[in-house]
Q: 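Here it is, the structure, as structure tokens.
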Amino acid sequence: MTTTARSQLPPRYEAASVEPAIYERWLAANAFTPAPEPPPGAKRFVITQPPPNITGALHLGHALTAFVEDILVRYHRMRGDDTLWLPGVDHAGIAAQFVLDRLLAEEGETRATLGRERYLERMWLFINETRDIIGQQHQRLGASLDWSRLRFTMDEGSARAVRVAFKRLWDAGLAYRGEALVNWCPRCRTTISDLENIKHDEAGTLWTIRYHLADADGRPDPDRWISVATTRPETIFGDTAVAVYPEDERYADLVGREAILPFLGRRLPIIADEHVERDFGTGAVKITPAHDFDDYEVGRRHGLPMISILDEDARLNEQAGEFAGQDRYDARAAVLERLRQMGDLEGEAPHQMVIGRCDRCGTVVEPRLSVQWFVNVKPLAERALASVREGRTRIVPIHFEKVFAHWMENIHDWAVGRQLWWGHRIPAWYCPDGHITVSDAADGPGACAECGRPATELTQETDIFDTWFSSGLWPFSTLGWPEQTPDLQRFYPTQVMETAYEILFFWVARMMMLGLFLTDVEPFETVYLHGIVRDPYGQKMSKTKGNVVDPLEMIEEIGADALRVALVSGNAPGVDQRLTPAKLTGGRNFTNKMWNAARFVLGAAPEPMAQPDGDESLPERWIRSRLAATIERATRQLDALDLAGYAATVHEFAWSDYCDWYLEMAKVELRRDDAPAGERARVWRTTTETFADLLRLLHPLLPFVSEAIWEPLGNAAPWATGGEPLLVRAAWPAAAAVDGDVDRTVDQLRDLIRAVRDQRTAAGVAAGAWLPLHVAPAGAAERETMAGGARYLEALARVRPLDLAAEGSARPSSAGSNALGTFWLGSDAASDQAAEERAAARRAELREQVARLRTLLGNEAFTNRAPAPVVERERARLADLEAQLAALGEDGG
RNA sequence: GGGCGGUUAGCUCAGCUGGUUAGAGCACCUCGUUUACACCGAGGGGGUCGGGGGUUCGAGUCCCUCACCGCCCACCA
């Protein structure tokens, strides 16, 4: 009787057609939606996912995020935990407007020509298109999100959460409106936060300008001046003082006097302030409080006037006299030219400086004095900091806790207002008397909270919130907060928050602060941060560099699972990785390997099927033991969020243990013509059972491939899959006992097989040739081991006949040895020169190691101080090596 | 100017609380059409763990120091 070679799987895994169909099956089975009621006694596992930007094309960062989260979610779902992974999209205020403005420009429209209402209508059309695309793309990745709970940061639920959250901050005195210097992007025409103001090192110029001193009549003294150094000459119209270092003797006599501002003739007090570096420039600084963060502080300390000189497009305003209306850089050139003509441009020098640019559009950001909405986050930050310090929230990898703490300790008030249209409008109303009413009601306040004027006389704030304000409410606003909904009670607080370390401050910190303030509990137990996916040269991927790998194209080519393996393997949390073609190929090869293993297993079914019978053979017991160890290890690694470790564990088990050794040994059993049909059936049963457990282990890493194999496996071997038609809903395998004796036996046999193969290679024997092998077992136990493994030794080392009773024979000098005994190849190969050399090298190696261990064990410091198990291990090892040497006819020195 | 991370095989990276002879994948060399897989199999070569000190019976792992590389934060115009 022969086994059928007919496989029920096609020769190749066709990802592009197979994967979407599988995702459809998952959706049809409602596999990602938690049961109406949590399973009794189940632990909760909820992931807080960063909702992708509505504007963004899917990139590898999204893919990595989705893969990491999906692995965890699938694992916990299989564990039977009450698992939720909620999908969402972020409205991305400034980013979305940036994109839409560009689209509008192509249509010859602008924000201004449309007006707020039509602009927002247009935005919704745009959003509704892209939102679906984002969802489809995540499905292609295999992300097992609960689509029935899809949320959007601009939906009604979010809107209500935003209003309530802000009202609470206002009532607590933490939200306020006030005048302050903020970062202004003249292109986006809005305030931006410190985090969105990206600092760049750039080459600039440092100009030295003479400010003439005022004479007795308050007129510029042509012969006396103070020279100030500046990188921004156009801001002189906002100057209200000149400052020097208090103890700078060069200027001691000038402090208290006045200088005259060029062009405008304004009298500027010369003041002393420690902010000034006496060694920089001329040691004298022009002070422009309304356009520089340092000067602003100086201005406040000295009670200086603050004069705004720029409009919202960064053009000079009426304060600039003849220069009014010019763009800031045109004005700079013009001012310099005039100063030169007047002879007051004393010098210019190249200067390396730091310039802030808008994260979104790259425009140079201007500090601008304006009335803004702020949140005082200091008290919130302290609570968030305490949560991390006291371990109620932990950050993985742990060193980011320091980064987090440093930022939290130095946090400034959060300017939450944006002068944009796309976003949640700040729920504040002004009455004609200047009173402010903050309301969380959907239709606004009924009357002014202070004077009772009716709503009809109130006007709402036009500013909207920073996008991150609504994102900061994400973990609970998506579950129904502020209502105590069943979902909120069941799924909040969440367990793992996973995202790129880049948005630790932007998002994680805000969620922590707002979550603690609003819900009195840490919104998640663990923050898992992943790194950036870079190109093979370590460069960040960007469209302008043209080094972007499109995940969707890659998936078309090699499959989503292959990409997942490539991105997750060998990547520690918080560490950037380089994605190379070799890594992608490696992922593809692994999926292919598993596919082919499945083809073999399915094709190896005995026909006709008999009743399984007899005790399990050595390979069967061994693979069960290895499987048990693997399950235990993989489970531990997943629980510890060690995804790369988990991937390596299952990869090694699947490829090395299962395919390279178990299946090869199982073939011996499955193809034994002398074996009773019942025994063959039993081997196949073991093969399918262990393979099914392997698929369970692989499922989080290879969701599509493992699922594609599961169904045909279940058809052929229902006992293996437990009748569960979908792997996604199957249970995570339970670890049986590890059998140390079997492990050791097979280890020794494998070692012997490898040694024989090595000798064959050294002797230059044709790979297909069968050679006689003589073996002299080291003892009775070893003889038994070899007898038990003889069939596998013969097949895998390709030796026949096998002579297990060769003690008495004369050993050729090419004999090798291992723990089982001494062995040598028969026939001509035995005397081969290369084999002898190799054997001699092996003996030399053994002697060296024996000598090393004897020295170590002869050292009393070691035997006395090292732990007993360590010493014992060394002793056993020495004994083993000595035995091997002795078997080769040496006394070991 | 602060702070953080990195430096391990030709390349990309793992190495938990210090404990055998430091691992993996890729690349490289040799061999192979054994009916799952050449996107494969078998065998092999290759590392003074960035330098220097120290603690220890024992250090890739802990401490100090130096050198490069990278990142984050920051108010010298």
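Proteins get letters first, then strands, A, B, ... in listed order; numbering begins at 1 in each. In this text, all values refer to a predicted model and were calculated from it rather than measured experimentally. No hydrogens, no waters, no symmetry mates; every other heavy atom, side chains included, goes into these values.
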Q: Among the nucleotides rA77(B), rA42(B), rC37(B), which one has an atom lying closest to any side-chain atom of R757(A)?
A: rA42(B)
Q: Within the structure shown, what part of the strands sits under 4.0 Å from P11(A) by heavy-atom distance: base, sugar-phosphate, or nothing?
A: nothing
Q: Let's see if you can work this out: which of rA36(B), rG43(B), rU20(B) has an atom nearest to the side-chain heavy atoms of E874(A)?
A: rU20(B)
Q: Quick one: do the N197(A) and D359(A) side chains pair a donor with an acceptor below 3.5 Å?
A: no
Q: Does a salt bridge link R588(A) with E557(A), judged by any charged N lying under 4.0 Å from a carboxylate O?
A: no
Q: Between H351(A) and rA77(B), does any side-chain N or O lie under 4.0 Å from OP1 or OP2?
A: yes
Q: Which nucleotide sits closest to the side chain of D758(A): rG41(B), rG43(B), rG19(B)?
A: rG43(B)
Q: Which residue is it: D292(A), D239(A), D294(A), D295(A)? I am looking for the one with a salt bridge (Lys or Arg N to Asp or Glu O under 4.0 Å) to K286(A).
A: D239(A)
Q: Under a 3.5 Å cut-off for both contacts, is rC62(B) paired Watson-Crick or G-U wobble with anything, and if yes, with which nucleotide?
A: rG54(B)
Q: Answer with base, sugar-phosphate or nothing: what part of the nucleic acid does V228(A) contact at a heavy-atom distance below 4.0 Å?
A: nothing
Q: Is the cationic atom of K667(A) (NZ for Lys, CZ for Arg) positioned less than 6.0 Å from the six-membered ring centroid of F600(A) and within 45 degrees of its normal?
A: yes
Q: Measure from the side-chain heavy atoms of R578(A) and tell me the nearest of rC13(B), rG41(B), rC26(B).
A: rC13(B)
Q: Touch check for D660(A), heavy atoms < 4.0 angstrom, all strands: base, sugar-phosphate only, or nothing?
A: sugar-phosphate
Q: Does W655(A) have a side-chain nitrogen or oxygen under 4.0 Å from the phosphate oxygens OP1 or OP2 of rG41(B)?
A: yes
Q: Any strand counts, and the cut-off is 3.5 Å on both contacts for Watson-Crick or G-U wobble. Which nucleotide pairs with rG1(B)?
A: rC73(B)
Q: Figure out the CD/P separation between E502(A) and rG5(B), and round it to whole Å.
A: 19 Å
Q: Under 4.0 Å between a side-chain N or O of R588(A) and OP1 or OP2 of rG25(B)?
A: no
Q: Less than 4.0 angstrom from a charged side-chain N to a carboxylate O is my criterion; do E346(A) and R210(A) meet it?
A: yes
Q: By the 4.0 Å heavy-atom rule, please label R760(A) as base, sugar-phosphate, or nothing.
A: nothing
Q: Should rC16(B) form a Watson-Crick or G-U wobble pair with both distances under 3.5 Å, which nucleotide is its partner?
A: none
Q: Side-chain N or O of N596(A) versus OP1/OP2 of rC39(B): is the shortest distance under 4.0 Å?
A: no
Q: Checking only heavy atoms, does the side chain of R599(A) share a donor-acceptor pair with the base of rC37(B) at less than 3.5 Å?
A: no
Q: Of the nucleotides rC73(B), rG43(B), rG41(B), which has the atom closest to the K593(A) side chain?
A: rG41(B)
Q: V870(A) side chain: which of rG43(B), rG19(B), rA77(B) is closest?
A: rG19(B)
Q: Atom CG of L752(A) and atom P of rA42(B): how far apart are they, to the nearest Å?
A: 16 Å
Q: Using a 4.0 Å heavy-atom cut-off, does G586(A) contact any base of the nucleic acid, only the sugar-phosphate backbone, or nothing at all?
A: nothing
Q: If you look at every strand shown and take non-hydrogen atoms under 4.0 Å, does F293(A) touch a base, only sugar-phosphate, or nothing?
A: nothing
Q: From CD of E277(A) over to P of rG1(B), roughly how many Å is that when rounded to an integer?
A: 12 Å
Q: Can you tell me the base-pairing partner of rC11(B)? Count Watson-Crick or G-U wobble geometry only, both distances below 3.5 Å, and say none if there is no partner.
A: rG25(B)
Q: Counting side-chain heavy atoms from C-beta on, which of rG19(B), rG5(B), rU20(B) comes nearest to K402(A)?
A: rG5(B)
Q: From C-beta outward on A229(A), which listed nucleotide comes closest to its side chain: rA77(B), rC40(B), rC73(B)?
A: rA77(B)
Q: Between D201(A) and A284(A), who's closer to the 5' end of RNA chain B by nearest nucleotide?
A: D201(A)
Q: With a 4.0 Å cut-off on heavy atoms, is A572(A) in touch with a base, just the backbone sugar-phosphate, or nothing at all?
A: sugar-phosphate
Q: Distance under 6.0 Å and angle within 45° of the ring axis: does R12(A) meet both against W595(A)?
A: no
Q: Tell me whether the OP1 or OP2 atom of rA36(B) has a side-chain N or O from K667(A) closer than 4.0 Å.
A: yes
Q: Using the side-chain heavy atoms of N589(A), tell me which of these nucleotides is nearest: rC40(B), rU20(B), rG44(B).
A: rC40(B)
Q: Would you say the base of rA36(B) and the side-chain of E664(A) have a donor-acceptor pair closer than 3.5 Å?
A: yes
Q: Are side-chain N/O atoms of T649(A) and R633(A) paired as donor and acceptor at under 3.5 Å?
A: yes
Q: With the side chain of L195(A) defined as its heavy atoms from C-beta on, choose the nearest nucleotide among rC73(B), rC4(B), rG19(B).
A: rC73(B)
Q: Looking across every strand, which nucleic acid part, if any, lies under 4.0 Å from T580(A) by heavy atom: base, sugar-phosphate, or nothing?
A: nothing
Q: Can the ring centres of H651(A) and F590(A) be said to be less than 6.0 Å apart?
A: yes
Q: Mind checking R232(A) for me? I need base, sugar-phosphate or nothing, with any heavy atom below 4.0 Å counting as a touch.
A: nothing
Q: Please compare F590(A) and Q352(A) by the position of their nearest nucleotide in RNA chain B and report the one closer to 5'.
A: F590(A)
